[in-house]
Number of protein chains: 2
Amino acid sequence: MTTVDHLRQVRLGNLRTVLLALVDRPGSRADLAARTGLTKATLSNLTEPLLAGGILVEEPATLAGMGRPSKPLRFHPDGPVAVGAEINVSHLAVETLGLDGATLERRLVPADMRKASADEVLDEVAGLIREVTAGMNRRLLGAGLAIPGVVHDGAVIRTPNLLRLVGARLAEGLGERTGLDVQVDNEANLAALAHLWPRHLAGEDFVHVTADVGIGAGVVLGGEIYRGVSGFAGELGHVVIERNGIRCTCGSRGCVERYAGLDVILREAGRRRLDSLRKALEAGDAKALGAVRKAGEALGVGIATLMNLFDVPTVVLGGSYAVLYDHLRESVQSEMDGRVLAGGERHTRLLGSPLGEFAVVRGAAGLITRRAVQQPERLFA
Amino acid sequence: MTTVDHLRQVRLGNLRTVLLALVDRPGSRADLAARTGLTKATLSNLTEPLLAGGILVEEPATLAGMGRPSKPLRFHPDGPVAVGAEINVSHLAVETLGLDGATLERRLVPADMRKASADEVLDEVAGLIREVTAGMNRRLLGAGLAIPGVVHDGAVIRTPNLLRLVGARLAEGLGERTGLDVQVDNEANLAALAHLWPRHLAGEDFVHVTADVGIGAGVVLGGEIYRGVSGFAGELGHVVIERNGIRCTCGSRGCVERYAGLDVILREAGRRRLDSLRKALEAGDAKALGAVRKAGEALGVGIATLMNLFDVPTVVLGGSYAVLYDHLRESVQSEMDGRVLAGGERHTRLLGSPLGEFAVVRGAAGLITRRAVQQPERLFA
DNA sequence: CTCATTCGTTCAATGCTTGAACTTAGTCTG
DNA sequence: CAGACTAAGTTCAAGCATTGAACGAATGAG
């Protein structure tokens with residue numbers, strides 16, 4: 001590493017600090033200097049290339065009291081954009097996201113992907129991306145791709161419900177089709193990321209729990225997604241709550257998934273689709289209410305175990321669980337209260353996700369905008 | 001932050017890099033330059049104050065082949081020293097540790113601490129520290145203090161088996177008695193640290209599991225102890241394995257601790273002390289073997305759950321479990337094999353701790369030497 | 001004894017942030 | 001309306017840790 005590199009590191013670190021402050025909210029150079037602890041001089045210096053490069057714009061002066069009026073800086077409305085894409089069992093989704101956190105376009109296409117080959121799926125996704133980016137004259141930073149399965153080093157290791165994707169080189173495949181730099185990750189991680197970036201919706205230590213066919217948890221520790229050494233972290237679905245319980249497809253017994261998975265809830269409630277279950281719950285259907293309550297109890301046991309290991313203050317219920325939140329809440333919370341060690345003294349929160357069905361795809365796009373901010377050199381490439 | 005600070009940060013970071021390389025093994029300036037990626041010039045510059053300050057020594061030239069012989073640098077044999085101390089239910093322990101990782105002195109004193117007040121315990125510990133450091137003409141970097149309980153921000157929050165310590169200001173108390181800068185932490189964390197520092201004994205992602213009265217896990221992620229937001233991380237003892245199982249003192253049911261705690265094993269085996277159990281196992285006592293096997297099964301379920309959440313490749317069994325390792329191994333491993341998701345494809349290891357009963361106190365001292373290396377400015381204070 | 005080799009030191013150059021001085025662009029007061 | 005005041009933004013010399021190249025030192029090989 002040359003000295004120049006050392007100094008460049010300092011500069012890039014400061015650039016990151018400034019960009020993070022801007023993601024939080026726009027601000028003049030003086031304001032940013034105050035917020036970041038850098039000097040006005042450094043801020044002029046750092047922002048100059050960002051303005052020249054079309055990353056930021058200087059707004060017309062704001063007249064606010066005495067002194068020379070400030071000219072707030074914010075992300076350029078025609079600045080770079082990230083693409084998020086989601087491949088799921090029963091739908092595909094795509095979204096475009098600006099550095100300022102604004103969603104530009106969205107598509108969600110219901111489609112049964114279980115039988116589709118990797119190539120077929122990628123063709124579809126690439127088509128959607130083309131639709132969403134067509135006519136948009138903004139630089140594309142890359143694409144995040146969400147998969148319902150375990151991803152490690154960009155490779156799809158395990159997708160219990162989309163078996164034809166296992167081992168496929170999805171990042172390369174989508175990259176070739178779209179010309180974008182593609183980064184693949186687990187949908188649970190990306191749904192969690194959507195609650196962290198660009199806005200903190202649940203602090204910077206939390207676990208986001210979703211149910212689809214399986215149950216997945218996205219774990220956020222210290223403001224970073226925790227993936228574990230091989231991408232298997234947060235497999236809440238296979239936390240054991242009854243060691244001699246129901247057999248699980250994973251080979252174990254008594255996994256949470258067997259008691260609180262969406263398929264189990266629907267079966268117990270005698271419904272086929274989440275929507276129908278929701279209506280039954282609203283109508284006060286006893287069978288539906290009971291099924292959800294029972295699932296909540298099992299989920300609560302698993303979450304309590306998770307909290308005893310990770311010690312995070314917040315659990316967010318997302319995806320299908322967010323839809324069922326009002327009816328799940330009580331039973332989940334009650335198990336947590338009874339089982340989290342010293343739960344009374346610690347302040348633990350259970351939240352329903354405020355993001356809708358676009359959480360995953362938003363997180364996928366956020367993966368890319370976040371990377372661009374954290375590695376500002378990418379913005380100048 | 002002034003510019004000077006920025007640059008000083010770079011310098012301190014490089015100093016840390018160099019010291020870490022030296023903890024690994026001694027080396028000449030040229031060797032260290034090669035290992036750290038810095039230049040010889042920088043190494044001369046960085047090591048100069050360390051030599052002047054008595055932190056390092058230059059060994060007499062080593063004749064090894066052609067060229068000017070190198071003068072290896074290593075930690076000064078009379079350099080600074082850290083103290084580790086452990087307060088436990090049935091013993092106290094103290095150790096002194098050099099920056100090079102060499103243990104200088106050790107004491108382990110059996111003593112029933114259950115009834116003792118905080119002041120009484122601290123007086124004892126301070127006495128032991130005085131014994132161990134008496135006549136030693138080396139600067140003391142501080143003391144690490146291990147407690148069997150939950151610690152957060154230096155405060156003892158929960159010590160189920162040493163109730164008189166709860167809320168006590170242990171760090172201040174021991175600091176006043178010894179004149180040392182004292183840092184308190186959980187024994188499970190410190191036992192884990194002993195496997196990470198100054199030598200990696202189990203990689204840099206692992207969980208260290210101990211049993212005393214309770215079961216505690218020290219979680220190491222990416223080479224750092226993971227404590228959670230309020231110090232409750234790694235409470236493996238209260239992971240639920242049978243949701244309608246045995247009632248636990250924590251208020252929950254079916255906690256691992258109720259099936260695999262040392263007290264449970266001893267009771268089931270009809271023994272009063274670990275030593276007697278060990279002899280019974282060696283003699284092939286069926287009751288003892290059965291008790292340990294059953295505990296191993298329960299522990300294995302808990303560990304499998306832990307691995308499904310943390311995704312670490314290695315689990316180290318320490319403390320009493322290390323003593324029982326040969327007889328626990330099979331049942332623990334078998335549950336892990338059956339329950340860790342994709343356990344076959346991931347490479348998971350179960351190890352018995354190579355450190356003896358001094359693991360905790362060594363970790364306590366290591367906390368201090370590690371801090372000194374990571375914050376090299378402390379070495380010059 | 002001379003040359004090759006490796007270790008360690010010296011020194012000018014580099015490029016970043018800084019703080020202070022300065023310029024700019026407004027509001028406020030009388 | 002003019003001059004004082006205030007705050008934003010810019011300019012510039014100073015300070016600092018690393019670097020790379022040149023240099024001096026210490027030994028082995030022939």
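Basis for what follows: all heavy atoms, side chains included, without hydrogens, waters or symmetry-related copies. Residue numbers start from 1 in every chain, and the chains themselves are labelled A, B, ... in the order their sequence lines are given, proteins ahead of strands.
Remark: A:T103 pairs with A:E95, A:L97, A:R106, A:R362 by the side chain to side chain contact (heavy atoms under 4.5 Å, CB included) rule, at least two apart or across chains. Residues meeting the side chain to side chain contact (heavy atoms under 4.5 Å, CB included) test with A:R227, sequence neighbours left out: A:D185, A:N189, A:I225, A:L367. Applying the side chain to side chain donor-acceptor pair (under 3.5 Å) rule to B:E59 yields the partners B:R74; only residues at least two apart in sequence or on another chain are considered.
Between B:R8 and D:dC16 there is no side-chain polar atom (N or O) within less than 4.0 angstrom of OP1 or OP2. Between A:N45 and C:dC16 there is no side-chain N or O to OP1 or OP2 distance below 4.0 Å. Of the side-chain N and O atoms in A:T39, none sit less than 4.0 angstrom from OP1 or OP2 of C:dG19. A:S44 has a side-chain polar atom (N or O) that falls below the 4.0 Å cut-off from OP1 or OP2 of D:dT10. The shortest distance between the side-chain N/O atoms of A:N14 and the OP1/OP2 oxygens of C:dT17 is below 4.0 Å.
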Might you list the N or O atoms of the protein lying below 3.5 Å from N or O atoms in nucleotides 23-27 of chain D, with each pair's distance?
from   : atom 1 : to    : atom 2 : distance (Å)
D:dG24 : N2     : B:R68 : NH1    : 3.0
D:dA26 : N3     : B:R68 : N      : 3.3

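For the pair B:L38 CG and C:dG8 C1', the interatomic distance rounds to 15 Å; values are reported in whole Å. The separation between A:R11 atom CZ and D:dC16 atom P is 21 Å, rounded to whole Å. When rounded to the nearest whole Å, the span between CG of A:D31 and C1' of D:dA7 equals 13 Å. The nearest whole Å value for the distance from the CG atom in A:L32 to the P atom in D:dA8 is 12 Å. The distance between atom CG of A:L46 and atom C1' of D:dT11, rounded to the nearest whole Å, is 16 Å. In this structure, B:Q9 atom CD and D:dT18 atom P are separated by 12 Å, rounded to whole Å. Look at CD on A:E48: it is 14 Å from C1' on D:dT11, rounded to the nearest Å. Protein atom CD of B:E59 is 12 Å distant from nucleotide atom P of C:dG8, rounded to whole Å.
Nucleic acid contact class of B:S70 (heavy atoms, under 4.0 Å, all strands): sugar-phosphate only. Within 4.0 Å of A:A41, counting heavy atoms only, lies at least one base atom of the nucleic acid.
Ring geometry, A:Y226 versus A:F310: the interplanar angle exceeds 60°, so the pair is classed perpendicular (tilted spans 30 to 60°). Between A:H195 and A:H208, the ring-plane angle classifies as tilted under the 30° and 60° cut-offs.
Salt-bridge annotation for A:E224 and A:R370: present, with a side-chain N of the basic residue lying under 4.0 Å from a carboxylate O of the acidic one.
Rounding to the nearest 0.5 Å places CG of B:L22 at 9.0 Å from CG of B:D31. For the atom pair OG1 of B:T314 and CD of B:E204, the computed distance is 11.0 Å after rounding to the nearest 0.5 Å.
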Check the pair B:T178 / B:L140 against side chain to side chain contact (heavy atoms under 4.5 Å, CB included), numbers first and verdict last.
CA-CA 10 Å; B:T178 58; B:L140 296 173; over 6 Å; no
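Here D:dG9 is the nucleotide among D:dA17, D:dG9, C:dC16 with the atom lying nearest to any side-chain atom of A:A30.
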May I have the list of side-chain donor-acceptor pairs in residues 13-21 of chain A shorter than 3.5 Å, sequence neighbours left out?
from  : atom 1 : to     : atom 2 : distance (Å)
A:N14 : ND2    : A:V10  : O      : 3.4
A:R16 : NH1    : A:Q374 : O      : 2.9
A:T17 : OG1    : A:G13  : O      : 2.9

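Overall, the helix from C:dC1-D:dG30 to C:dG30-D:dC1 carries an axis bend of 10° between its ends, with five pairs at each end and the value rounded to 10°.
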